[in-house]
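This report concerns only the one structure given below.
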Amino acid sequence: MKTAIVTGASRGIGKACAIRLAKEGYTVVVNYSRSRDEAEEALRTIKANGGDGMTYCADVTDLEQVKTMIRDVDKAYGQIDVLVNNAGMVKDEYLLMLQKSTLDKCFDLNIKGYFYCAQQAALKMFRRKSGVIINMSSVSGEIALAGQSVYSATKGAINSMTRVLAKELAVKGIRVNAVAPGFIVTEMIDALPKEKVEEYLNAIPMRRFGTAEEVAATVAMLVSDACSYMTGQIITMDGGLSL
Ligand code: NAP
């Protein structure tokens, strides 16, 4: 049974990836940490489309919870083919007002969580010498947006991690790539002040934000055999923002 785990799949980009991968024939694990109802709703959509899977509550910043999730999924479905490391957060704060709690939370979720899941999933993929890991990065890992020093640092770290893991794991049959979206319509965007939204829209050559479904389509392409010789790449999709 082809199995994909999508972390942070109760809403936004993760939910769209889970639904898309189910359409591609994967049995999908909809991971979440707090939003049980939203995760169940995502799974209902998957099933309504003829797919299958389960929801799984695990805080990806907790290594023991990640170990248990990966072990349980492997037990339930016999293999893990795809991991989409997606659960992440953004909190804009200028350096001079930066709270230690923001720094800690962002680094724990956007970096440590990705490492915990990648390591535990790779330990299973390695046994079958096959697997794909997709890291959800951000265009902010490459470009400088005022107020995003912490977020940018975490996404820059994920880009570096992606390249190194691709090199380490290639011989084990595991591909590792990252998707770096620009502004995507999700609750993350809803939280931005109106004047920031205008400013960002004006900076995007395509003059629109992307959709979670567009990101999911790129993830589906990257995990497919169409990209079987591609590893260690950061795929930017940002309507031209970074040009
Ligand atoms: P979102 O709407 O805020 O959703 C975040 C998801 O992560 C939720 O499902 C949330 O579920 C889950 N989550 C949060 N903390 C978790 C934890 N400790 N353990 C497990 N799950 C956890 O975010 P999004 O906008 O879809 O962004 C998803 C990813 O794309 C992030 O990595 C983000 O940096 C990246 N990205 C987003 C944009 C954008 O414009 N939206 C652009 C570039 C990159 P619970 O509520 O259950 O915790």
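Numbering of ligands and ligand atoms starts at 1, following listing order. Worth knowing before you read on, the calculation uses all heavy atoms, side chains too, and leaves out hydrogens, waters and symmetry mates. Numbers for residues simply follow the sequence, beginning at 1.
- Each of Glu24, Arg20, Met136 was checked for a side chain to side chain contact (heavy atoms under 4.5 Å, CB included) with Val219, and the lone residue meeting it is Met136.
- Residues Arg34 and Asp59 are not paired through a salt bridge, judged by the lack of any N-O separation under 4.0 Å between the basic side chain and the carboxylate.
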Name each N or O atom in ligand 1 that is under 3.5 Å from a protein N or O, and give the partner atom and the distance.
residue: ligand 1; atom: 9 (O); partner: Gly8; partner atom: O; Å: 3.2
residue: ligand 1; atom: 9 (O); partner: Ser10; partner atom: N; Å: 3.3
residue: ligand 1; atom: 9 (O); partner: Ser10; partner atom: OG; Å: 2.7
residue: ligand 1; atom: 11 (O); partner: Ser10; partner atom: OG; Å: 3.1
residue: ligand 1; atom: 18 (N); partner: Asp59; partner atom: OD1; Å: 2.8
residue: ligand 1; atom: 19 (N); partner: Val60; partner atom: N; Å: 3.1
residue: ligand 1; atom: 25 (O); partner: Thr186; partner atom: OG1; Å: 2.8
residue: ligand 1; atom: 26 (O); partner: Ile13; partner atom: N; Å: 2.8
residue: ligand 1; atom: 32 (O); partner: Asn86; partner atom: O; Å: 2.8
residue: ligand 1; atom: 32 (O); partner: Tyr114; partner atom: OH; Å: 3.2
residue: ligand 1; atom: 32 (O); partner: Lys155; partner atom: NZ; Å: 3.0
residue: ligand 1; atom: 34 (O); partner: Tyr151; partner atom: OH; Å: 2.6
residue: ligand 1; atom: 34 (O); partner: Lys155; partner atom: NZ; Å: 3.0
residue: ligand 1; atom: 40 (O); partner: Ile184; partner atom: N; Å: 2.8
residue: ligand 1; atom: 40 (O); partner: Ile184; partner atom: O; Å: 3.2
residue: ligand 1; atom: 41 (N); partner: Ile184; partner atom: O; Å: 3.4
residue: ligand 1; atom: 41 (N); partner: Thr186; partner atom: OG1; Å: 2.8
residue: ligand 1; atom: 46 (O); partner: Arg11; partner atom: NH1; Å: 3.0
residue: ligand 1; atom: 46 (O); partner: Ser35; partner atom: OG; Å: 2.6
residue: ligand 1; atom: 47 (O); partner: Ser33; partner atom: N; Å: 2.9
residue: ligand 1; atom: 47 (O); partner: Arg34; partner atom: N; Å: 2.7
residue: ligand 1; atom: 47 (O); partner: Ser35; partner atom: N; Å: 2.7
residue: ligand 1; atom: 47 (O); partner: Ser35; partner atom: OG; Å: 3.4
residue: ligand 1; atom: 48 (O); partner: Ser33; partner atom: OG; Å: 2.5
residue: ligand 1; atom: 48 (O); partner: Arg34; partner atom: NE; Å: 3.2
residue: ligand 1; atom: 48 (O); partner: Arg34; partner atom: NH2; Å: 3.0

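- Contact check on Arg127 versus Asp74 returns a salt bridge, with a Lys/Arg side-chain nitrogen under 4.0 Å from an Asp/Glu carboxylate oxygen.
- Inter-residue side-chain proximity for Tyr26 and Val82 is flagged as met; some heavy-atom pair is nearer than 4.5 Å.
- Salt-bridge annotation for Glu198 and Lys196: absent, with no side-chain N of the basic residue lying under 4.0 Å from a carboxylate O of the acidic one.
- Using a distance-only test at 3.5 Å, with no hydrogens or angles considered, no donor-acceptor pair links the side chain of Asp238 to the main chain of Val139.
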